[in-house]
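What follows is a short report on a single structure.
Just so you know, these numbers come straight off a predicted model, no measurement behind them. Side-chain atoms are counted along with the backbone in the values below, which use heavy atoms only and exclude waters and symmetry mates.
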Amino acid sequence: MQKEHAHIREIVNQKDNEMAKTEDRNVGTIHFPALDPAKAVDQMRVVAEQASKLSTGALVNFASSAEDAQKTLDSIFENAKAVGVELSLKTIAGLRANAEADLSHLHALVDAKLPSQVIALQSGFWRKRVEMYVQQAKELQALSSKGVVDVTKPITDALEKALTDAKAA
């Protein structure tokens, strides 16, 4: 057993000696002859200038896109306001026409002398009233459809421009 212990001590001593030899070596400074500090600085400057140009270009594109979006929104709001005004005016005109028809009918009923005249006035009034409602509904529907087209036109124009720009890029 002592032989085994002696053998193990001998191996350990050998390893310690090898490690001591490695620590005593002088490694020195590593040189890279292909790396010139002046060229590296110039390359860094060129890269920084290119990054600056790219950033400036991206910022200009972003500002232009934001301006286009603002113009589109302004146009949408102006169109929506105009359509709202037109619908309001048409609705007021319809209400006014209805009120005038009601008053005319009331005067005619007051002037009626016989029940048969009242019945004839009532049936004629309701027929005209239904025709008036149908006509007013058609006018409001046409105006609403035109309004939808007017309000959505800036959006479709902006989308078409964006698609054209995307295809060009």
Item to check | Close side-chain approach of D68 to S64, heavy-atom, < 4.5 Å | outcome: yes
Item to check | Separation between CZ of R45 and CD of Q43, rounded to the nearest 0.5 Å | outcome: 10.5 Å
Item to check | M132-L106 co-clustered via ILVMFWY side chain contacts under 4.5 Å | outcome: no
Checklist outcome for this item: Nearest heavy-atom approach of T72 to P154 is CG2-O, 3.7 Å
Item to check | Donor-acceptor under 3.5 Å (S75 side chain, K71 main chain) | outcome: no
Item to check | Side-chain heavy-atom pair Q122, H105 within 4.5 angstrom cut-off | outcome: yes
Next on the checklist: Is there a path of hydrophobic side-chain contacts, each under 4.5 Å between heavy atoms, that joins V149 and V83?
Outcome noted: no
Item to check | Between NZ on residue K161 and CG on residue L163, distance to nearest 0.5 Å | outcome: 12.0 Å
Next on the checklist: Tell me whether L121 shares a hydrophobic cluster with I119, the cluster being built from Ile, Leu, Val, Met, Phe, Trp, Tyr side chains joined at under 4.5 Å.
Outcome noted: no
Item to check | From E78 atom CD to D74 atom CG, the distance as rounded to the nearest 0.5 Å | outcome: 6.5 Å
Item to check | Connected via hydrophobic side-chain network under 4.5 Å: L159 and I76 | outcome: yes
Item to check | Verdict with supporting geometry, F125 and D102, side-chain contact (heavy atoms from CB on, under 4.5 Å) | outcome: CA-CA 9 Å; F125 172 76; D102 288 343; 3.3 Å; yes
Next on the checklist: Quiz question: by atom type and distance under 3.5 Å, do the side chains of Q117 and D111 form a donor-acceptor pair?
Outcome noted: no
Item to check | Side chain R129, main chain N98, donor-acceptor under 3.5 Å | outcome: yes
Checklist entry - What distance do D165 atom CG and N61 atom CG have between them, rounded to the nearest 0.5 Å? => result 9.5 Å
Checklist outcome for this item: Rounding to 0.5 Å, atoms OG (S65) and CD (Q70) come to a distance of 13.0 Å
Next on the checklist: I'd like to know if E49 pairs up with K53 as an ion pair, taking the criterion as any Lys NZ or Arg NE/NH1/NH2 lying under 4.0 Å from an Asp or Glu carboxylate oxygen.
Outcome noted: no
Item to check | Flag, side chain of T164 to backbone of E160, donor-acceptor distance under 3.5 Å | outcome: yes
Item to check | Exam field: side chain N79 to backbone D150, donor-acceptor pair closer than 3.5 Å | outcome: yes
Next on the checklist: In the structure I gave you, are the side-chain heavy atoms of V46 and D42 within less than 4.5 Å of one another anywhere?
Outcome noted: no
Checklist entry - So, T91 side chain and L87 main chain: donor-acceptor pair closer than 3.5 Å or not? => result yes
Next on the checklist: Are there over 12 heavy-atom neighbours, none belonging to E131, within less than 6.0 Å of that residue's CD?
Outcome noted: yes
Item to check | salt bridge (Lys or Arg N to Asp or Glu O under 4.0 Å) assessment of E86 paired with K90 | outcome: CA-CA 6 Å; E86 286 181 52; K90 186 58 89 173; over 6 Å; no
